[in-house]
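For reference, the structure discussed in these notes is given below.
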Amino acid sequence: MAHKAAQWPSEETLLLWKREQARLKARMVDRDTEAWQRDPTFSGLQRVGGVDVSFVNGDSDRACASLVVLSYPELKVVYEDSHMVHLKAPYVSGFLAFREVPFLVELVQRLQEKEPGFMPQVLLVDGNGVLHQRGFGVACHLGVLTDLPCVGVAKKLLQVDGLENNSLHKEKIMLLQAGGDTFPLMGNSGTVLGMALKSHEHSTNPLYVSVGHRVSLEVAVRLTHHCCRFRIPEPIRQADIRSRDYIRRTLGHPGSPAQRQERSQKEQRPKVCPKDGPGAPADQGRPPEDYGRDSSTDLKDPQPGFQEQQKDQQLERTEHHEDSDLPPPPTWVQSPP
DNA sequence: GCGACAG
DNA sequence: ATCTTGTCGC
């Protein structure tokens, strides 16, 4: 009995969600607040985090949430925490945070409690920041709730405030030459909501970078670019790779009975090396029901459009084997600062 | 009915 | 987000 699939939120729920976004938005800071952000070389920046949530096949509510921390500028993984979760809210464009953010916050809290020395100085988030229907995407949401500097990095343009992925936009993309090239995403309001970034020399489709929290757009873009070994910034890419890997190791392949060894949620190994697995503290057993917001399901159809995206991904596949392998990993590879 | 739709 | 093999290119 899989937990029932979430249903489409009621209008009332959507109203509450919008109100929550407006409330939290008042706390968002859209400028640089850290010393390293002012430095041309980001001197002082040592840890960059990345978060992602990967899903289980057809299950609309089972997923693996991952938080990784990479050293900067080496971009080596120094901390990892992957964790199976039960999603309670459906995906609704404009409300991604209500689906994923509770689990991302939990990952940050676990890090704060167990290895505060590994707390990232900035977090790259898979999704938008202020480039959003109401100027408060998941990167802003996570940033405000954790008070960590956050950058929104989306792979597709969210068409809001007059922004359109039309022929004009595609022309601008074609004009991007070298990795690091950008063009501003100006909404009808005249505000620059974000930047399209050619993140890699051989990358066709740009990334859409926007401010999440406690960072300027300029720094957000420069940092994102400096984190790209491939099209997707390494912190997000590693979080994605490891969360997907965790699912494959834990659930095995759907069609093979040999992999029936399903570890239930107890098996979640937090991180640090002490061979003595601390197991689950005691927090994930009973989530407060008054999550307030939840419900409903929804799935999107893939659109038969561009085939270029796969080109970039293939480029990554051909070379990512250098670090994609991780046995039952000891989470971090460096000594605490 | 048609188009849009971060992850 | 997820489903998947081969294929082309350096």
Side-chain angles (χ1 to χ4, degrees), chain A residues 5-6 8-9 14 17 21 50-66 85 87-104 124-142 150-166 169 185 193-197 200-212 230 232-233 236-237 239-241 243-248 251 253-255 296-305 307-319:
Chain A
W8 187 266
L14 291 177
W17 284 359
Q21 289 176 329
V51 291
D52 189 43
V53 176
S54 294
F55 301 82
V56 176
N57 253 344
D59 240 317
S60 62
D61 62 342
R62 296 184 65 195
C64 178
S66 286
V85 299
L87 300 177
K88 307 224 165 184
Y91 168 70
V92 180
S93 180
F95 302 95
L96 174 63
F98 294 95
R99 178 166 169 82
E100 300 188 347
V101 118
F103 309 101
L104 302 181
L124 300 189
V125 182
D126 203 346
N128 290 296
V130 301
L131 174 44
H132 177 269
Q133 287 91 333
R134 289 161 295 280
F136 198 74
V138 64
C140 301
H141 205 126
L142 181 60
C150 285
V151 175
V153 181
K155 295 179 286 295
K156 298 175 189 173
L157 176 65
L158 184 55
Q159 304 188 147
V160 297
D161 196 22
L163 292 174
E164 280 184 290
N165 184 20
N166 53 24
H169 180 79
L185 301 167
L193 300 177
M195 299 280 268
L197 165 71
H200 187 274
E201 197 66 30
H202 299 293
S203 190
T204 307
N205 295 153
L207 294 178
Y208 297 96
V209 180
S210 59
V211 169
F230 304 103
I232 304 300
I236 291 177
R237 182 169 166 266
D240 178 66
I241 288 173
S243 59
R244 302 229 303 266
D245 224 39
Y246 186 92
I247 288 176
R248 287 183 182 176
L251 303 179
H253 294 186
S296 303
T297 64
D298 171 51
L299 289 179
K300 283 190 321 180
D301 288 326
Q303 181 175 357
Q307 306 167 344
E308 309 178 85
Q309 303 179 358
Q310 300 181 351
K311 199 174 182 181
D312 293 332
Q313 294 176 357
Q314 286 172 2
L315 277 175
E316 294 177 20
R317 312 261 173 190
T318 59
E319 291 203 45

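In what follows, chains are A, B, ... by sequence order, proteins preceding strands, each numbered from 1.
The two residues Val130(A) and Leu193(A) have their closest heavy-atom pair at CG2-O, 3.4 Å.
Rounded to an integer number of Å, the gap from Ile247(A) CD1 to dC3(C) P is 9 Å. Summarising the geometry, the separation between CG on Leu96(A) and P on dA4(B) is reported as 21 Å, rounded to the nearest angstrom. Rounded to whole Å, atom P of dA6(B) lies 9 Å from atom CG of Asn128(A). With rounding to whole Å, Arg99(A) atom CZ is found 8 Å from dA1(C) atom C1'. Atom CZ of Phe230(A) is separated from atom P of dG9(C) by 20 Å (rounded to the nearest Å). In this structure, Phe136(A) atom CZ and dA6(B) atom P are separated by 19 Å, rounded to whole Å. Look at CD on Gln133(A): it is 10 Å from C1' on dA4(B), rounded to the nearest Å. Rounded to whole Å, the distance from CZ on Phe98(A) to P on dA1(C) is 21 Å.
Within the 4.5 Å cutoff, no side-chain heavy atoms of Leu96(A) are placed close to those of Asn128(A). Contact check for Leu158(A) versus Ser93(A): side-chain heavy atoms found under the 4.5 Å cut-off.
For dA1(C), one of the phosphate oxygens OP1 or OP2 lies less than 4.0 angstrom from a side-chain nitrogen or oxygen of Lys155(A). Proximity of Ser93(A) to the phosphate of dA4(B): no side-chain N or O atom is located under 4.0 Å from OP1 or OP2. For dA6(B), the OP1/OP2 oxygens have a side-chain nitrogen or oxygen of Tyr91(A) closer than 4.0 Å.
Using cut-offs of 30° and 60° for the angle between ring planes, the Trp17(A) and Phe95(A) rings count as tilted. Using cut-offs of 30° and 60° for the angle between ring planes, the Phe230(A) and His200(A) rings count as parallel.
Of the listed nucleotides (dA4(B), dA6(B), dC3(C)), dA4(B) has the atom at the smallest distance from the side chain of Gln159(A).
When heavy atoms are screened at a 4.0 angstrom cut-off, Gly152(A) is found touching no nucleic acid atom at all. Using a 4.0 Å heavy-atom criterion, one finds that Asp126(A) contacts the sugar-phosphate atoms exclusively. At a threshold of 4.0 angstrom between heavy atoms, the contacts of Val56(A) with the nucleic acid are absent.
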